[in-house]
Amino acid sequence: MTQDHTTGPDAAPENPAPWRPSRTVAVVLAGGTGTRLGLGIPKQLLKIAGKPIIEHTLAVFEAAPEIDEIIVLMAVGHVADAQQIVDKAGFRKVTKVVEGGDTRNATTRIALDAVGEADCNILFHDAVRPLVSSRIVRECVNALWTYAAVDVAIPSADTIIQVDENDCITDIPVRSSLRRGQTPQAFRSGTIREAYRLAEGDPHFAATDDCGVVLRYLPGTPIKVIDGSDENIKVTHPVDVHLADKLFQLAAAQAPRVTDERSYTEELTGRTLVIFGGSYGIGHDLAELARRYGAQVFPFSRSSTGTHVERAEDVEAALRTAFEATGRIDHVVVTAGILEKGPLSEMDQETMDRVLQVNFVGPVIAARQSLPYLQQTKGQLLLYTSSSYTRGRADYALYSSTKAALVNLTQALSDEWAEFGVRVNCINPERTATPMRTKAFGEEPEHTLLAAETVAQSSLDVLVSELTGQVIDVRRAPGEVPAQPVPGQATRDASPANAG
């Protein structure tokens with residue numbers, strides 16, 4: 001169990017003895033039925049960004065080093081569905097999937113029984129808050145070293161009014177003291193057990209919030225509030241589904257860094273890597289890095305091998321060449337792209353066709369042709385987008401829109417190909433020093449651009465990871481100065497420059 005014992009400047013309650021929890025358990029509450037969404041299935045089983053909501057939620061706690069165990073409280077009649085998701089995703093921390101109760105009170109009691117009697121930290125979290133951050137989880141667990149109860153909340157941006165039975169205002173509380181509650185809610189096990197024990201003697205007891213039970217029945221217990229986040233929304237209404245889906249699309253992952261050089265060698269030695277657009281820029285640097293660690297690399301491009309990524313016959317010939325030489329293809333990378341600036345109304349048909357064919361049709365063809373090879377090795381397809389995918393930019397509308405399409409393609413294929421064990425990811429680099437960018441924008445200050453080698457390194461990290469369906473941001477490290485592209489290099493096959 002990895003926990004940070006540091007505390008903030010807040011006044012801490014006095015404790016008779018140091019808290020020594022045996023473990024930290026995340027209880028994922030998935031008892032909702034989805035009636036407000038008008039669904040025929042529980043809302044936590046609804047797919048967002050290619051995966052069931054509950055899978056996104058469980059993945060956060062599975063990855064959190066502060067969490068030792070996960071228990072799922074599932075809607076009645078759907079335990080098998082949840083267990084199937086757990087098994088397919090390979091969540092090792094999930095120890096139990098059990099039916100929840102017909103009320104929040106009953107569900108919490110079932111959860112406490114499932115946790116057991118040993119002193120431990122318990123985090124209760126709504127399964128339909130799939131965008132909870134690792135930072136929130138970490139701060140909740142850390143706070144339990146000092147406090148017996150912890151809540152998560154954000155300031156209210158709206159004025160809150162209190163009304164009577166006739167919907168007439170009776171009070172307007174001061175907004176500065178109000179917060180909007182979220183989850184997780186975290187407790188020392190003894191505290192939440194005692195609160196519910198006392199509540200059993202109250203015939204009017206009804207709770208929708210576990211911190212509320214502590215507040216009412218253990219009024220002397222301070223409840224620490226941790227800052228939540230605007231993204232930590234609860235999927236309750238139809239509009240929440242669309243908001244959550246868009247937030248997942250815009251939320252970029254970070255490439256997991258491999259600190260041990262030997263790990264690269266172990267992961268890449270004997271592996272076959274095919275790169276479309278591998279002559280210059282990011283593709284070239286990735287090829288050099290992969291070779292350094294023992295990979296068999298086959299770079300293809302329009303200028304060096306006459307390979308047009310938008311031609312199915314060229315792509316198939318390239319893949320066949322690599323396969324016949326090595327007997328396998330483990331990774332396929334598509335960095336080929338072109339950027340033509342100018343108003344769409346002034347762009348000729350030939351230019352429009354070329355941009356659309358190379359930037360979007362090409363990756364689609366590469367994906368289709370690569371799948372049979374990648375199925376054999378449980379490999380990965382890696383694409384490249386641009387920060388302009390989040391909002392189209394004037395004077396390169398087609399480039400921006402094709403990059404947005406690649407993000408959607410990545411997320412869709414990662415879902416479609418999950419059954420084959422094939423991963424699909426997308427790199428989103430900051431403005432990068434490549435020949436393509438230099439051609440489009442001219443010379444720019446060195447300190448404002450990302451080095452192509454940095455993007456290549458992050459790409460390698462993604463290739464040796466287990467990520468799938470992710471958009472991975474790559475940003476400049478403070479003080480990084482990239483090498484300038486070599487003047488006169490060809491630009492048609494250069495890696496995307498992230499013109500955003």
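Quick note: residue numbers are just sequence positions, from 1. Side-chain atoms are counted along with the backbone in the values below, which use heavy atoms only and exclude waters and symmetry mates.
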Those residues at least two apart in sequence (or on a different chain) that pass salt bridge (charged side-chain N to carboxylate O under 4.0 Å, His left out) with Glu62 are none
Arg262 meets the salt bridge (charged side-chain N to carboxylate O under 4.0 Å, His left out) criterion, sequence neighbours left out, with Asp260
Pair Lys47, Asp415 - check salt bridge (Lys or Arg N to Asp or Glu O under 4.0 Å), show working. CA-CA 10 Å; Lys47 282 192 174 183; Asp415 189 24; 3.5 Å; yes
Would you mind reporting whether [Y] and [X] have side-chain heavy atoms less than 4.5 Å apart?
X      : Y      : answer
Cys211 : Phe187 : yes
Pro130 : Thr57  : yes
Val471 : Tyr389 : yes
Tyr373 : Thr272 : no
Asn232 : His125 : yes
Ile472 : Asp461 : no
Val407 : Lys403 : no
Val115 : Arg23  : yes

By side-chain hydrogen bond (donor to acceptor under 3.5 Å, both in side chains), Asp209 pairs with (sequence neighbours left out) Gln185
- Determine, stepwise, if the pair Gln84 / Asp87 fulfils side chain to side chain contact (heavy atoms under 4.5 Å, CB included). CA-CA 5 Å; Gln84 184 178 18; Asp87 294 341; 5.7 Å; no
Give me the atom names and distance for the closest heavy-atom approach of His331 to Leu374.
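Where His331 meets Leu374 most closely, the heavy atoms are N-CD2, 4.0 Å.
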Using atom types as modelled, flag every donor-acceptor pair under 3.5 Å from a side chain in residues 417-427 to any protein atom, sequence neighbours excluded.
residue: Arg423; atom: NH1; partner: Ser465; partner atom: O; Å: 2.5
residue: Asn425; atom: OD1; partner: Thr468; partner atom: N; Å: 3.4
residue: Asn425; atom: OD1; partner: Gly469; partner atom: N; Å: 3.3
residue: Asn425; atom: OD1; partner: Gln470; partner atom: N; Å: 3.0
residue: Asn425; atom: ND2; partner: Gln380; partner atom: OE1; Å: 2.8
residue: Asn425; atom: ND2; partner: Leu467; partner atom: O; Å: 2.8

To the nearest 0.5 Å, atom CH2 of Trp19 lies from atom CZ of Arg188 at 6.0 Å
Sorted by chain and residue number, the ring pair (Phe, Tyr, Trp, His ring centres under 6.0 Å) partners of Phe91 (sequence neighbours excluded) come out as none
Stepwise side chain to side chain contact (heavy atoms under 4.5 Å, CB included) test for Leu406 and Phe360
CA-CA 7 Å; Leu406 289 184; Phe360 182 64; 4.0 Å; yes
Please tell me whether [X] and [Y] have a donor and an acceptor in their side chains that are separated by less than 3.5 angstrom.
X      : Y      : value
Tyr196 : Asp210 : yes
Glu69  : Thr95  : yes
Glu261 : Tyr293 : yes

* Asked: So which of Leu273, Thr377, Val274 actually passes side chain to side chain contact (heavy atoms under 4.5 Å, CB included) with Asp330?
  ->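 Exactly one pass, corresponding to Thr377.
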Taking Ser229 as the fixed residue, which of Val132, Val152, Ile136 is the one that meets the side chain to side chain contact (heavy atoms under 4.5 Å, CB included) rule?
->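 The side chain to side chain contact (heavy atoms under 4.5 Å, CB included) with Ser229 is passed solely by Ile136 among Val132, Val152, Ile136.
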N/O donor-acceptor pair under 3.5 Å between [X] side chain and [Y] backbone:
X      : Y      : result
Gln44  : Ala127 : no
Ser414 : Gln411 : yes
Lys234 : Thr183 : no
Ser189 : Cys120 : yes

Hey, is [atom1] on [X] packed in by over 12 heavy atoms from elsewhere, all under 6.0 Å?
X      : atom1 : value
Arg135 : CZ    : yes
Glu453 : CD    : no
Arg291 : CZ    : yes

Original post:
Do Thr24 and Leu123 pass the side chain to side chain contact (heavy atoms under 4.5 Å, CB included) test, and can you show the C-alpha distance, the side-chain angles, and the key distance before you say yes or no?
Top reply: CA-CA 8 Å; Thr24 297; Leu123 279 69; 3.9 Å; yes
Item to complete: Check the pair Tyr384 / Val333 against side chain to side chain contact (heavy atoms under 4.5 Å, CB included), numbers first and verdict last.
Response: CA-CA 9 Å; Tyr384 290 76; Val333 179; 3.5 Å; yes
Cationic N near anionic O, under 4.0 Å, Lys43 to Asp240
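Salt bridge: no.
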Residue set satisfying side-chain contact (heavy atoms from CB on, under 4.5 Å) with Val98, at least two apart, ordered chain then number -> Leu73, Lys96, Ile110
